[in-house]
Amino acid sequence: MLFIRMLRRVGQSPACGCWTPVLPVRFLGVSPRQIPADANFHSASLPGTDHPRVLITGGLGQLGVGLANLLRKRFGKDNVVLSDIRKPPDHVFHSGPFIYSDILDYKNLREIVVNNRITWLFHYSALLSAIGEANVSLARAVNITGLHNILDVAAEHNLRLFVPSTIGAFGPTSPRNPTPDLCIQRPRTIYGVSKVHAELMGEYYHYRYGLDFRCLRYPGIISADSQPGGGTTDYAVRIFHDAAKHGKFECNLEARTRLPMMYIDDCLRATLEVMEAPAESLSMRTYNVSAMSFTPEELAQEVLKHVPEFQITYNVDAVRQAIADSWPMKFDDSNARKDWGWKHDFDLPELVTTMLNFHGSETRVAQAN
Ligand SMILES: NC(=O)c1ccc[n+]([C@@H]2O[C@H](COP(=O)([O-])OP(=O)(O)OC[C@H]3O[C@@H](n4cnc5c(N)ncnc54)[C@H](O)[C@@H]3O)[C@@H](O)[C@H]2O)c1
Ligand SMILES: C[C@@H](O)[C@H](N)C(=O)O
């Protein structure tokens with residue numbers, strides 16, 4: 001009833017007979033301000049050769065610096081502002097604009113968007129799956145309350161908004177092999193619950209207020225020069241460092257735990273591609289993206305080809321194992337491939353060669369080759 005009353009109050013646009021998008025009340029001040037019915041909600045303003053002005057939140061984690069590097073190559077160094085609540089290392093601070101931004105502070109966010117004339121926002125701040133279980137109230141604040149601030153500031157300033165979701169947005173009752181885009185989602189972690197919430201809220205803001213919301217569900221992401229922030233898939237990053245430096249690795253998941261994974265270059269390229277995709281090519285606002293799926297055992301076999309004395313042992317972390325056992329084993333990303341041409345470059349052999357080359361140039365990998 002309340003929802004119907006709300007829609008009635010909004011009324012219909014006389015011009016097109018459709019619902020007139022109205023901004024959420026919280027940022028309207030005293031008098032409700034309506035977005036003009038003819039506003040172009042589905043593409044940020046990119047006339048001619050104009051580049052977007054980009055803000056990345058949570059940019060000092062595993063993925064943010066790589067994303068900033070990619071976007072700066074494409075749009076120019078000064079058009080991409082990296083932000084976080086942590087102090088940046090020197091090389092990051094000197095590589096382009098960096099700014100303090102706490103996503104729990106709405107006024108601070110709005111000030112940054114206005115002062116930097118931001119048009120695209122990549123929202124990377126989050127607490128990941130394992131660390132989220134260790135600090136549920138902080139995860140709830142950052143992943144849910146923070147997301148509300150991001151949605152509001154993006155709707156208020158007509159931004160194109162990217163929010164990553166995850167394989168963790170599925171749960172034990174979802175089909176796991178393969179997991180399609182649309183199926184039951186009942187995750188059992190605060191991280192997963194907050195990501196389903198983000199998917200649904202983003203899509204709601206899209207249909208209700210015209211927000212240009214775009215979302216990819218990432219697999220576990222594997223990177224060489226940045227560390228993971230407390231997830232269930234972290235083992236698949238750490239194994240390469242330990243194999244190259246010590247020739248052995250202690251894995252905190254069981255040998256046969258199959259999870260979808262992706263090399264960071266594919267992940268960041270997918271992110272840019274979906275943001276640049278014409279709105280009319282997107283039949284959905286939230287897509288699975290996939291590259292490969294493997295178990296620790298299979299990954300170790302591939303590492304052995306480069307580090308012949310490599311040994312893997314298992315010391316299972318019960319929390320991470322329970323999470324992994326509830327997640328997809330394989331992702332069905334056929335909609336992303338069909339709608340906007342997604343195609344991954346890295347399969348398991350290329351991933352392992354690339355990661356070991358990075359970590360191993362002066363170690364046992366180099367000696368073995
Ligand atoms: N890395 C992966 O494997 C993976 C997989 C699926 C989805 N994702 C998603 O991609 C995004 C980036 O992931 P990541 O691996 O770089 O995460 P990360 O944990 O490495 O980094 C998250 C960053 O958020 C920042 N942050 C925390 N609280 C904040 C606040 N109040 N205000 C602003 N920033 C705050 C942290 O300081 C940190 O630098 C996340 O949303 C994550 O859920 C990542
Ligand atoms: C999968 C992903 O969301 C993250 N790497 C985690 O394990 O929590």
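Heads up: numbering here begins at 1 and tracks the sequence. Ligands are counted one by one from 1 in listed order, and the atoms in each one are counted from 1 as well.
The atoms of ligand 2 that sit less than 4.0 Å from any heavy atom of Thr232 are 6 (C), 7 (O), 8 (O). Heavy-atom proximity to Trp327, at under 4.0 Å, picks out these atoms of ligand 2: 1 (C), 6 (C), 7 (O), 8 (O). Ligand 2 places these atoms under 4.0 Å from at least one heavy atom of Ile167: 1 (C). Heavy-atom contacts of Tyr191 reach the following atoms of ligand 2: 2 (C), 3 (O), 8 (O) (cutoff under 4.0 Å). Applying the 4.0 Å criterion to heavy atoms of Leu128 picks out, from ligand 2, the atoms 8 (O).
At under 3.5 Å, not a single nitrogen or oxygen of Tyr218, backbone or side chain, sits near a nitrogen or oxygen of ligand 2. Between Ser129 and ligand 2, at least one N/O pair is under 3.5 Å apart.
Donor-acceptor pairing under 3.5 Å is lacking for the side chains of Glu133 and Thr189.
When non-hydrogen atoms are compared, ligand 2 lies under 4.0 Å from the side chain of Thr166 (C-beta onward) but not from its backbone. Under 4.0 angstrom from ligand 2, there are no non-hydrogen atoms of Ile221.
With respect to Arg217 and Asp333, no salt bridge is recorded, no charged nitrogen being found less than 4.0 Å from a carboxylate O. At a threshold of 4.0 Å, the pair Arg214-Asp212 counts as salt-bridged, since one of the basic side-chain nitrogens sits closer than that to a carboxylate oxygen.
Shown are His51, Arg53, Arg117; of these, the side chain to side chain donor-acceptor pair (under 3.5 Å) with Asn79 is made only by Arg53.
Under the 30°/60° scheme for interplanar angles, the aromatic rings of Tyr191 and Trp327 are found to be tilted. Ring geometry for His246 against His241 counts as perpendicular: the plane angle is over 60°, on a 0 to 90° scale with 30° as the lower cut.
More than 12 heavy atoms of other residues, nucleotides or ligands sit less than 6.0 Å from atom NZ of Lys338. Environment of CG in Asn115: crowded, with over 12 heavy atoms of neighbouring residues, nucleotides or ligands closer than 6.0 Å.
Aromatic pair Tyr287/Trp342: ring centres not closer than 6.0 Å.
The two residues Leu299 and Phe294 have their closest heavy-atom pair at CD2-CE1, 3.6 Å.
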Listed pairs under 3.5 Å, donor-acceptor, residues 271-281 side chains, sequence neighbours left out:
| unit_1 | atom_1 | unit_2 | atom_2 | d |
| --- | --- | --- | --- | --- |
| Thr271 | OG1 | Tyr218 | OH | 2.7 |
| Thr271 | OG1 | Cys267 | O | 2.7 |
| Glu273 | OE2 | Arg269 | NH1 | 3.0 |
| Glu276 | OE1 | Arg74 | NE | 3.2 |
| Glu276 | OE1 | Arg74 | NH2 | 3.2 |
| Glu276 | OE2 | Arg74 | NE | 2.8 |
| Glu276 | OE2 | Arg74 | NH2 | 2.9 |
| Ser281 | OG | Pro278 | O | 2.7 |

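Looking from atom 4 (C) of ligand 2 to the surrounding protein, the closest heavy atom is Thr233 OG1, 3.9 Å.
Protein residues having at least one heavy atom under 4.0 Å from any atom of ligand 1 are Gly58, Leu60, Gly61, Gln62, Leu63, Asp84, Ile85, Arg86, Ser101, Asp102, Ile103, Tyr124, Ser125, Ala126, Leu128, Val142, Pro164, Ser165, Thr166, Tyr191, Lys195, Tyr218, Pro219, Gly220, Ile221, Gly229, listed by chain and number.
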